[in-house]
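A short write-up of the structure that comes next.
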Amino acid sequence: MPKQTFIYASKVTPSEETIKLRGWVYRIRKMKDKIFVILRDASGIIQCIGSKNQLTSEAWNMLNEAAIENYITVEGNPVEDNRAINNVEVKLTNFTIMHKGEIFPIAKDQSKEFMLDNTHLFVRSYKATNVWKVKASVLRSAREWFFENDFYETTPPILTGSACEGGSTLFSLKYFDHTAYLSQSIQLYLEALIYSLEKVYAITPSFRAEKMRTKRHVNEFWHIEGEEAFVDFEGNMKIQEELVAYIVQYVLKHNAKEFKELKRDTSVLETIKAPFNKISYKEAIDTLNENGFNLKWDEDMKTEEERALSTIIGEPFFIRDYPSSHKPFYVKLHEDDPKWCYSADLMAPEGFGELITGGQREDVLDTLIRRIKEEGWEVEDYAWYIDLRKYGSVPHSGFGLGAERLTWWLCGLDAIQETLPFPRTRNRVYP
RNA sequence: GCCGUUGUAGCUCAGUCUGGUGGAGCAAUCGGCUGUUAACCGAUCGGUCGUAGGUUCAAAUCCUACCAGCGGCGCCA
């Protein structure tokens, strides 16, 4: 038999055996002859009780010195007790402080500002840990879905030499003797890769140098992007809704404990299944106008309106067929009426708003060149991208899903910043 | 970039309107303690009131400038 190893707090069940655990002091409550210490590890927390008359004086003294976030190891007997969390506690037979360290600065009350100054310590908080677990499930289940649907994972570059979608929101940096940019989206590269693998995806960080400060934005986020050859606008939406529905089902199955601890009411999530509602941009405007707004058909929907619509509809839905003037040059236009284009946004319910933008790409060489010129870009800057339409151009579509947007909604958090361990915002690039 | 708002003890805040010797809770330290659930009780410790200048007999408080943070909007995932 191998030497007895440490077990996770969540695996502790009442038994006759002596067990060992290691982790950090989450809470500690000291009395004259008894001390309760709550041990925290990656799996959760468990109450341990140390009694003066059942410990060596050395262990008892150490227990008396223990403080929040000390690294500790414990030995004891797991017993059933309805006064403890999860009705199990460990009656200590030994207790060791492995690293005492200094006084942990994060206490009961924290302001947002203090929390952000101490993000490197705040990541270990109970709430944050639950969010990291849900996010891990989002990424894992997305990969699973792609794998099961014959998509190849690819690794496009994050450093790019050309500015796609305009330069104002790009972070630039010195690249030897040139200027390079941090990627806003690897879409154009995925479009190149479909000619090889047909169905591709990538999960990469995307950077936006927007100077906005909102609950919905961070300057660095993880982008789940897919691109598919021979798939049209309708087929693309089908892929998106199946992917999102799969992720929702996965987290409901695997993260019930986390949702409970985050106090997330999952009843809305439980009803979600593909296909989703689809309304045209025009219908969206009409719906809003019926609900007290006064918008014209080609007017841009603002956050307030999108949020209202998302609350009215109450389940995930697509807004499809946007006015062409609202969307970039690579979006394919309707053949019969170029006023509209094959672009759709997937909206989360409950007022969380946009999760995905996707659509069919312009695959006709001349139209693409004309559109680039109309938007005022230099055709030479997109030479390699235009090349893709010269050699066996195929109809294709794709989309970009924000991993943080999705996690934010699934967990029902106040702000998207909470879904990243080290959120990059306008005034925060440290720690 | 625009609008708003905040800066007082290690942390969370009151005190600013109406100028007159800086307060509370938490943390820490010491002591007490009935199986506690961010325990409880008592005591102690702890501050260049964001920075600079101005008004005044007197400024955390009024005025000016600056700095930093936070919230929102345009944008978007």
Side-chain angles (χ1 to χ4, degrees), chain A residues 25-38 40 45-52 65 67-69 79 81-87 89 91 102-118 121-122 125-127 165-166 168-170 183-187 203-225 240 244 300-307 322 326-328 343 345-348 352-358 399-409 414-417 419-420 425-428 430:
Chain A
V25 175
Y26 178 65
R27 299 277 186 268
I28 187 157
R29 293 179 277 273
K30 297 174 185 175
M31 270 158 287
K32 191 180 181 183
D33 300 317
K34 282 192 176 69
I35 294 177
F36 295 92
V37 55
I38 316 295
R40 171 182 76 73
I45 58 177
I46 185 153
Q47 173 162 291
C48 305
I49 174 163
S51 302
K52 191 175 184 179
E65 280 175 29
I68 302 286
E69 289 301 315
V79 297
D81 196 309
N82 58 16
R83 292 167 295 190
I85 318 149
N86 300 329
N87 298 323
E89 67 179 13
K91 286 209 181 300
E102 300 178 19
I103 297 159
F104 196 64
I106 296 178
K108 185 169 132 186
D109 303 310
Q110 311 121 17
S111 63
K112 184 143 187 115
E113 181 183 346
F114 182 75
M115 193 190 84
L116 289 167
D117 283 338
N118 292 280
L121 302 177
F122 195 78
S125 77
Y126 208 44
K127 182 178 184 183
E165 296 193 48
S168 64
T169 61
L170 284 162
S183 169
Q184 291 186 308
S185 162
I186 44 90
Q187 177 201 320
I203 301 179
T204 63
S206 279
F207 302 86
R208 307 274 166 97
E210 305 276 357
K211 288 182 177 173
M212 65 293 205
R213 319 165 40 81
T214 80
K215 292 175 189 299
R216 309 180 303 286
H217 293 92
V218 280
N219 295 108
E220 177 183 13
F221 66 97
W222 285 78
H223 216 165
I224 302 171
E225 293 175 270
Q240 292 171 42
V244 170
D300 243 330
M301 258 188 275
K302 301 229 164 54
T303 301
E304 188 194 346
E305 287 116 30
E306 281 190 351
R307 200 172 289 162
Y322 273 80
H326 296 192
K327 295 291 176 179
S343 180
D345 287 356
L346 176 59
M347 312 294 292
F352 281 88
E354 224 173 304
L355 293 176
I356 293 182
T357 290
F399 63 93
L401 165 63
E404 286 75 18
R405 286 273 173 93
L406 184 56
T407 307
W408 176 44
W409 165 56
D414 292 334
I416 199 167
Q417 287 79 12
T419 66
L420 281 154
T425 56
R426 183 157 161 197
N427 296 312
R428 293 276 176 186
Y430 178 93

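In what follows, chains carry the letters A, B, and so on, assigned in the order in which the sequence lines appear, proteins first and then strands, with residues in each chain numbered from 1. Side-chain atoms are counted along with the backbone in the values below, which use heavy atoms only and exclude waters and symmetry mates.
- Applying the Watson-Crick and G-U wobble criteria (two distances, each under 3.5 Å), B:U16 pairs with nothing in any strand.
- Proximity of A:Lys302 to the phosphate of B:G74: no side-chain N or O atom is located under 4.0 Å from OP1 or OP2.
- Base contact: A:Gln47 has a heavy atom under 4.0 Å from a base atom.
- Atom CZ of A:Phe399 is separated from atom C1' of B:C76 by 17 Å (rounded to the nearest Å).
- Atoms CD1 (A:Ile356) and C1' (B:C76) sit 14 Å apart, rounded to a whole Å.
- The gap from the C1' atom of B:G4 to that of B:C76 amounts to 23 Å, rounded to the nearest Å.
- With rounding to the nearest 0.5 angstrom, the CG atom of A:Asp109 is 14.0 Å from the CE atom of A:Met115.
- The side chain of A:Arg216 places an N or O atom within less than 4.0 Å of a non-bridging phosphate oxygen (OP1 or OP2) of B:C73.
- Put simply, the side chain of A:Ile45 does not reach to within 4.5 Å of the side chain of A:Arg27, judged on heavy atoms.
- For the pair A:Asn427 and B:A68, the criterion of a side-chain N or O lying under 4.0 Å from OP1 or OP2 is not met.
- What separates CD of A:Glu304 from P of B:C75 is a distance of 13 Å, to the nearest Å.
- For the P atoms, the distance from B:C63 to B:G74 is 33 Å, rounded to whole Å.
- Comparing B:C66 with B:A58, their P atoms are spaced 27 Å from each other, to the whole Å.
- The residue A:Glu306 sits close to a base: some heavy atom pair falls under 4.0 Å.
- Across all strands, A:Glu220 comes closer than 4.0 Å to no nucleic acid atom at all (heavy-atom distances).
- The base of B:G35 has none of its N or O atoms less than 3.5 Å from a complementary donor or acceptor on the side chain of A:Lys30.
- For the pair A:Lys91 NZ and B:G35 P, the interatomic distance rounds to 11 Å; values are reported in whole Å.
- Here, B:G15 and B:G22 have their C1' atoms 8 Å apart, quoted to the whole Å.
- Spacing of C1' atoms, B:C40 relative to B:G35, comes out at 13 Å, to the nearest Å.
- Judged by distance alone, with hydrogens and angles left aside, A:Arg426 brings a side-chain donor or acceptor within reach of the base of B:G1, the pair sitting under 3.5 Å.
- A gap of 28 Å separates the C1' atoms of B:U64 and B:U21, to the nearest Å.
- Nearest-nucleotide positions on RNA chain B place A:Ala84 closer to the 5' end than the other of A:Ala84 and A:Arg428.
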Listing time: all N or O pairs from protein to nucleotides 10-13 of chain B that are below 3.5 Å?
residue, atom, partner, partner atom, Å
B:C11, O2', A:Asp109, O, 2.2
B:U12, OP1, A:Ser111, N, 3.3
B:U12, OP1, A:Ser111, OG, 2.3

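- A:Leu170 and A:Gln184 get closest at one heavy-atom pair: CD2-CG, 3.5 Å.
- Residue A:Ile49 is in base contact, counting any heavy-atom pair closer than 4.0 Å across all strands shown.
- Going from atom CD1 of A:Ile28 over to atom P of B:A27 covers 13 Å, rounded to whole Å.
- Of all non-hydrogen atoms in A:Val244 and A:Ile356, the two that sit nearest each other are CG2-CD1, 4.0 Å.
- Using N1 to N3 plus N6-O4 or O6-N4 for Watson-Crick, or N1-O2 and O6-N3 for G-U wobble, each under 3.5 Å, B:G25 pairs with B:C11.
- Checking B:G47 for Watson-Crick or G-U wobble geometry (two distances, each under 3.5 Å) identifies no partner in any strand.
- With hydrogens and angles disregarded, a donor-acceptor distance shorter than 3.5 Å links the side chain of A:Gln417 to the backbone of A:His217.
- Regarding contacts with the backbone of B:C75, every side-chain N or O of A:Thr303 stays at 4.0 angstrom or more from both OP1 and OP2.
- Straight-line distance from the NZ atom of A:Lys32 to the P atom of B:C30: 18 Å, rounded to whole Å.
- Pair check for B:G4 finds B:C70; Watson-Crick or G-U wobble, both atom distances under 3.5 Å.
- Closest approach of A:Gly400 and A:His223 over heavy atoms only: CA-NE2, 3.8 Å.
- The distance from atom CD1 of A:Ile45 to atom C1' of B:U36 is 14 Å, rounded to the nearest whole Å.
- No contact: A:Lys327 has no heavy atom under 4.0 Å from any strand.
- The distance from atom CZ of A:Arg29 to atom P of B:G35 is 14 Å, rounded to the nearest whole Å.
- In terms of heavy-atom proximity, A:Phe36 sits nearest to A:Gln47 at CD2-NE2, 3.5 Å.
- Comparing the same atom, P, in B:A68 and in B:U51 gives a spacing of 15 Å after rounding to whole Å.
- Within 4.0 Å (heavy atoms only), A:Asp117 reaches no atom of the nucleic acid at all.
- Shown here, B:C40 forms a base pair with B:G32; the pair counts as Watson-Crick or G-U wobble because both key distances fall under 3.5 Å.
- Distances shorter than 4.0 Å separate none of the side-chain N or O atoms of A:Arg213 from OP1 or OP2 on B:G72.
- Contact detail for A:Ile224 and A:Ala403: the closest heavy-atom pair is CD1-CB, 4.0 Å.
- A:Leu121 CG to A:Phe114 CZ: the interatomic distance, rounded to the nearest 0.5 Å, is 8.5 Å.
- Residue-level contact check: A:Leu116 touches the backbone only, with heavy atoms under 4.0 Å from sugar-phosphate atoms and none from bases.
- Across the C1' atoms, B:G7 and B:C13 are found 12 Å apart, a figure rounded to whole Å.
- Between A:Trp408 and A:Phe352, the ring planes lie perpendicular to each other; the angle is over 60°, past the 30° to 60° tilted range.
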